[in-house]
Protein chains: 2
Amino acid sequence: MAETLSPTVLTLKDIAREAGVSLATVDRVLHNRPGVRPDTVRRVKDAIARNSFQPHVAAAELARGRARRFAFVMPSGSNPFMQQIEAYLGEMAGWLSARRLNVEMIATDVFEPAALAASLEALSGDYDGVAVVALDHPSVRAAINDLVDAGAKVVTLVSDVPSSRRHHYVGIDNIAAGRTAGALVGRLVGQRSGKVAIIAGSQGLRDHAERIFGFNQVMATEFPDLSVLPVLEGRDEDDRSEQLLARLLGKHGDIVGLYNVGAGTQGVAKALNDKAQNAKASGAAGRDKQVVFVGHDVTALTRRLLLQGVMDAAISQNPGHEARAAVRVLLALARGEPILSEQEKIRIDIVMRDNLP
Amino acid sequence: MAETLSPTVLTLKDIAREAGVSLATVDRVLHNRPGVRPDTVRRVKDAIARNSFQPHVAAAELARGRARRFAFVMPSGSNPFMQQIEAYLGEMAGWLSARRLNVEMIATDVFEPAALAASLEALSGDYDGVAVVALDHPSVRAAINDLVDAGAKVVTLVSDVPSSRRHHYVGIDNIAAGRTAGALVGRLVGQRSGKVAIIAGSQGLRDHAERIFGFNQVMATEFPDLSVLPVLEGRDEDDRSEQLLARLLGKHGDIVGLYNVGAGTQGVAKALNDKAQNAKASGAAGRDKQVVFVGHDVTALTRRLLLQGVMDAAISQNPGHEARAAVRVLLALARGEPILSEQEKIRIDIVMRDNLP
DNA sequence: CATCAAATGAGTTGCGTACCTCAAAACACC
DNA sequence: GGTGTTTTGAGGTACGCAACTCATTTGATG
C-alpha cells in the first residue's frame with residue numbers, strides 16, 4: 001500500500017569504508033581529481049553505484065563556501081517580454097539569496113552581433129553561469145564557446161544558437177509554435193475561405209522565421225481554402241505595423257485571418273479596429289465578418305485584447321517559467337546535478353480569454 | 001548596465017552583533033522560541049530586516065539533521081492521470097534523495113470518505129508533509145484539520161477541500177477549465193448550429209461539477225445557436241460511456257460538439273468513430289460533418305486521438321508540474337520559506353495537435 | 001533588601017561535504 | 001638496492017546553522 005520513492009542514503013564515510021579506501025580518495029574520485037589508480041577508481045565508483053550514493057546537496061553547498069554568480073545577458077530597450085523575465089527574477093530574490101546565488105542582469109544590444117559578442121567575452125572567468133538571449137551569428141557562437149571553455153555553464157534563452165557548445169536551451173520550439181498558430185487561425189476561421197495575412201518583426205530573426213515556416217506549413221497542407229499573403233515586416237514597431245497592415249486590409253477585402261509573429265501588437269490592433277469600424281459603418285457585421293487574430297505572448301496589452309475579443313488567441317511561452325528554468329538549469333549544471341528535463345522544458349501555451357493566467 | 005538582484009547576505013553572527021544580542025537570542029527569535037522580551041524581539045527583527053538576512057538554506061538543512069518525510073495519498077486503481085503523477089515523482093528520485101527527502105505513495109479509495117479519512121488519520125505525527133487527492137466531505141475535512149494540528153503541512157492535489165485548513169491547493173481552477181472547454185467547442189464548431197453533448201464521470205465530483213458549470217456558462221452567454229443536452233454520467237468507465245453516447249448520437253442527428261469532462265475517453269472515441277463511419281457510408285462527409293470533441297488531460301490515448309484528428313483539443317493540467325509543485329510547496333512550507341506562488345500555480349493548458357508536449 | 005522568575009549570554013556539538021597538507025606506502029626504473 | 005615518482009592514507013579546518021545546556025544578569029515583586 002505504501003511505497004517509498006527515496007532509498008536511505010549513506011554518507012561519504014560509508015562509501016570509503018565500503019570501498020576500503022580513505023575519505024580523501026573517495027573525494028578525489030568524486031571530483032575527478034588526479035592521483036588515483038584506475039583500478040581504485042573503479043572500486044570506489046562501484047561502491048558509489050552499489051549504494052546509489054548521492055552527495056548531500058546541502059552539505060556540498062555549504063562546504064564549497066563561496067556564492068555562485070550567474071549573469072543574464074538580455075536585450076536593452078523596452079521589450080515587455082524581457083521585462084517580465086526580469087520581473088520574475090526579481091520575485092525570486094529571496095529564493096536566490098537563501099541559496100547564496102548572485103544573479104546579475106546585463107543589458108546589451110542583442111541585435112548587434114559585435115556588441116553581444118563583446119558583452120559575452122567580458123564575462124569570461126567571472127561567472128559560474130551565463131544565460132543569454134542570443135543572436136545566431138558566428139562571432140556570438142565563438143563568444144559562447146569561449147565562455148564554455150573558460151568553465152562557465154551557458155544556457156541560451158528564448159532564442160537558441162544550436163551550433164554553439166552551449167549546455168542547454170531554455171525556450172520553445174518556434175516551428176511548432178508557428179504550426180500551432182496556423183492550426184488556430186485555420187480552425188477558428190471555420191468554413192469561410194479567403195486570405196490570411198502575416199506580420200512579423202523581421203524574417204531575419206531566427207525565431208520569427210521559424211514561426212512563419214511552421215505557420216505556412218500548416219496552412220498549405222490543411223487549409224487549402226485559405227491563401228497566405230506575403231509577409232509584412234513591421235520591425236516590431238507599432239506605427240510601421242499599423243500602416244503596413246492598414247494598407248493590406250484596404251487592398252484585400254477578403255482577409256479572414258491574421259497572424260502577428262512578433263511585437264508591434266498595439267499597431268496591429270489599431271489597424272484591425274479601424275477596419276471593423278468601417279465594416280460596421282457600411283452595414284456588414286457579426287462574428288462572420290471578423291478577422292481571426294492570433295499573436296504571441298501574454299502582456300498587459302494582449303490580455304486586454306483577448307478580453308475584448310479583438311484577439312482570439314495568444315501563443316505564449318511563460319516568461320516566469322523561462323526565468324526560473326534558466327536559473328535552475330544553471331544551478332544544476334554548476335552543481336553537476338542532472339537536469340529534470342521534463343520540468344525545464346518550456347511549453348507552447350495556447351491562451352484564450354478563459355484560460356488567461 | 002549591470003544590476004545585481006541578490007544583495008550580499010550576512011550570517012547569524014552578523015545579525016547578533018547588529019542587534020547587540022547573542023547568537024542564542026537571535027536563534028530564539030528566528031524560531032519563535034519563548035523567553036525573549038518583546039522589545040528585544042523587535043530589535044532583532046529590525047536587524048534581520050535591515051540586512052535582509054536569510055538563513056543559508058544549505059546550512060539550515062544540514063543542521064537539522066534528520067530527513068523529511070512526505071506522504072502522497074492518491075486514489076487506488078488505474079487512473080492514468082494519477083499514474084503519471086507517480087511516474088514523475090519517480091523521475092525526481094535523485095533530486096529527492098540529494099535533499100534527503102522521503103516521499104511515500106499511499107493508495108486509498110479516495111471516493112470512500114471513511115476510508116480516506118482513516119488513511120489520513122493514520123499518518124498523524126509521522127510525516128512532515130502530506131499531499132492528498134481529496135474528496136470534499138466533512139470527515140475528510142476533519143482528518144485534514146487534525147493533520148494540520150499535529151504539525152504536518154498539508155497540500156490538496158488536483159481536487160481541493162477549501163473549507164479545511166490545508167495550507168495550499170495545487171491544481172487548476174476547474175470552472176475556468178470548463179469555460180475554456182466551452183469557448184473551444186463553440187469557436188471550433190464555427191457557424192454551424194446544433195446540439196452539444198456533455199459526458200462526465202459524475203456530477204457529484206467537485207471538479208467535474210465545476211467544469212460543467214463553467215462550460216454551460218460560456219455556452220449560454222456566447223453561443224446561443226448551440227443548445228446543450230442534459231449531462232450523461234459515464235462514471236469514467238469506457239463501456240458505459242460508449243453506450244450512453246452512442247444512444248445519444250443516434251437520437252440526435254444534429255450534434256455538432258462534445259465535451260468529455262472526465263475519463264472514459266476510450267469509449268467516447270469509439271462511439272464517435274462509429275458515428276463517423278455511418279455518416280461516411282451514407283454519403284455525408286467532410287470536416288463540416290464532424291463532431292467537435294474536446295476533453296481533458298494528455299495521455300497516451302488522447303495524444304493519439306489528437307494526432308488522428310478525432311479529438312480537437314485537450315484541456316490539460318500538467319501532471320508533472322503538479323507533482324513537482326506539490327513537493328516544492330511542501331518543502332517550502334516545512335522550511336518556513338515563502339512559496340513562489342507564480343511558479344506553483346497550475347495553468348490550464350490547451351493542447352492541440354501541434355503543441356502536443 | 002531578599003527572592004524568584006524571566007531574559008539573556010556563552011558555549012558546545014553535530015550535520016556531510018570540500019579542500020588542503022603532509023607523510024607514508026607502493027611502484028617503476030635503472 | 002637505490003632513486004624518483006605516483007598513489008594513498010590520515011587528519012585537520014571550515015562552512016552556517018539548529019538545538020541544546022548551563023550560568024549569569026535583569027527586572028519585578030513583596
Side-chain angles (χ1 to χ4, degrees), chain A residues 8-45 47-48 51-68 96-101 128 334-337, chain B residues 6 8-45 47-48 51-68 97-102 128 151 334-337:
Chain A
T8 318
V9 178
L10 309 178
T11 71
L12 261 192
K13 219 184 303 186
D14 301 312
I15 299 302
R17 187 156 16 83
E18 272 260 337
V21 299
S22 73
L23 263 173
T25 302
V26 180
D27 185 66
R28 288 181 186 115
V29 172
L30 222 47
H31 299 91
N32 299 313
R33 278 190 262 274
V36 186
R37 231 174 317 165
D39 180 57
T40 315
V41 171
R42 221 190 32 253
R43 255 182 32 239
V44 173
K45 287 200 167 164
I48 290 177
N51 298 286
S52 60
F53 164 80
Q54 282 208 268
H56 191 317
V57 166
E61 208 57 30
L62 186 57
R64 67 188 301 281
R66 64 192 183 76
R68 296 183 196 275
L96 291 170
S97 76
R99 285 156 185 77
R100 302 306 186 264
L101 300 177
D128 300 289
R335 285 177 172 169
E337 284 186 303
Chain B
S6 352
T8 319
V9 178
L10 310 178
T11 71
L12 261 191
K13 217 185 302 183
D14 302 312
I15 300 301
R17 187 155 18 84
E18 272 260 337
V21 299
S22 72
L23 268 173
T25 301
V26 179
D27 184 66
R28 288 180 184 113
V29 172
L30 222 45
H31 300 93
N32 300 312
R33 280 190 258 274
V36 186
R37 231 174 317 166
D39 178 55
T40 314
V41 171
R42 221 192 30 256
R43 248 172 49 230
V44 174
K45 289 200 165 165
I48 290 177
N51 299 287
S52 59
F53 166 78
Q54 283 209 263
H56 191 318
V57 166
E61 206 59 26
L62 189 55
R64 68 189 297 284
R66 66 193 185 76
R68 298 182 195 274
S97 76
R99 286 158 186 75
R100 302 305 186 265
L101 300 176
N102 294 315
D128 302 288
R335 285 175 172 170
E337 283 186 302

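Chain naming here is simple, since letters A, B, ... match the order of the sequence lines and numbering starts at 1 in each.
- Inter-axis angle, ends of the helix from C:dC1-D:dG30 to C:dC30-D:dG1, five pairs per end, rounded to 10 degrees: 20°.
- In this structure, B:Asp39 atom CG and D:dA28 atom P are separated by 12 Å, rounded to whole Å.
- Annotation: side chain to side chain contact (heavy atoms under 4.5 Å, CB included) contacts of B:Ala67 (sequence neighbours excluded): B:Arg100, B:Asn102.
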Detail all sub-3.5 Å separations between protein N/O atoms and N/O atoms belonging to nucleotides 25-27 of chain C.
none

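- Note that NE2 of B:His56 is 13.0 Å distant from CG of B:Leu10, once rounded to the nearest 0.5 Å.
- For B:Ala19, the side chain to side chain contact (heavy atoms under 4.5 Å, CB included) criterion is met by B:Val21, B:Val44, B:Ala47, not counting sequence neighbours.
- Judged as a salt bridge (charged side-chain N to carboxylate O under 4.0 Å, His left out), and not counting sequence neighbours, the contacts of B:Arg99 are A:Glu337.
- Summarising the geometry, the separation between CD on B:Glu61 and P on D:dA19 is reported as 11 Å, rounded to the nearest angstrom.
- In this view, B:Lys13 and B:Thr11 satisfy the side chain to side chain contact (heavy atoms under 4.5 Å, CB included) rule, not counting sequence neighbours.
- Judged as a salt bridge (Lys or Arg N to Asp or Glu O under 4.0 Å), the pairs with a partner in residues 55-65 of chain B (not counting sequence neighbours) are, in order, B:Glu61-B:Arg68, B:Glu61-B:Arg335.
- Whole-Å rounding puts the B:Arg66 CZ to D:dC20 P distance at 11 Å.
- Checked against side-chain hydrogen bond (donor to acceptor under 3.5 Å, both in side chains), B:Arg33 has the following partners two or more places apart in sequence or in another chain: B:Asp27, B:His31.
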Given protein heavy atoms under 4.0 Å, the one-letter contact record of nucleotides 10-22 of chain C, with B base, S sugar-phosphate only and - none, is simply B---BBBBSB---
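- Residues satisfying the side-chain hydrogen bond (donor to acceptor under 3.5 Å, both in side chains) test with A:Asn32, not counting sequence neighbours, are none.
- For the pair A:Arg99 CZ and D:dG16 C1', the interatomic distance rounds to 15 Å; values are reported in whole Å.
- A search for side-chain hydrogen bond (donor to acceptor under 3.5 Å, both in side chains) contacts involving B:Thr40 returns nothing, not counting sequence neighbours.
- In this entry the distance linking CZ of A:Arg42 with P of D:dT8 reads 12 Å, nearest Å.
- Minimum heavy-atom separation, B:Val29 to B:Val41: CG2-CA, 4.1 Å.
- Scanning for side chain to side chain contact (heavy atoms under 4.5 Å, CB included) contacts around A:Ala24 gives A:Ser22, A:Arg28, with sequence neighbours left out.
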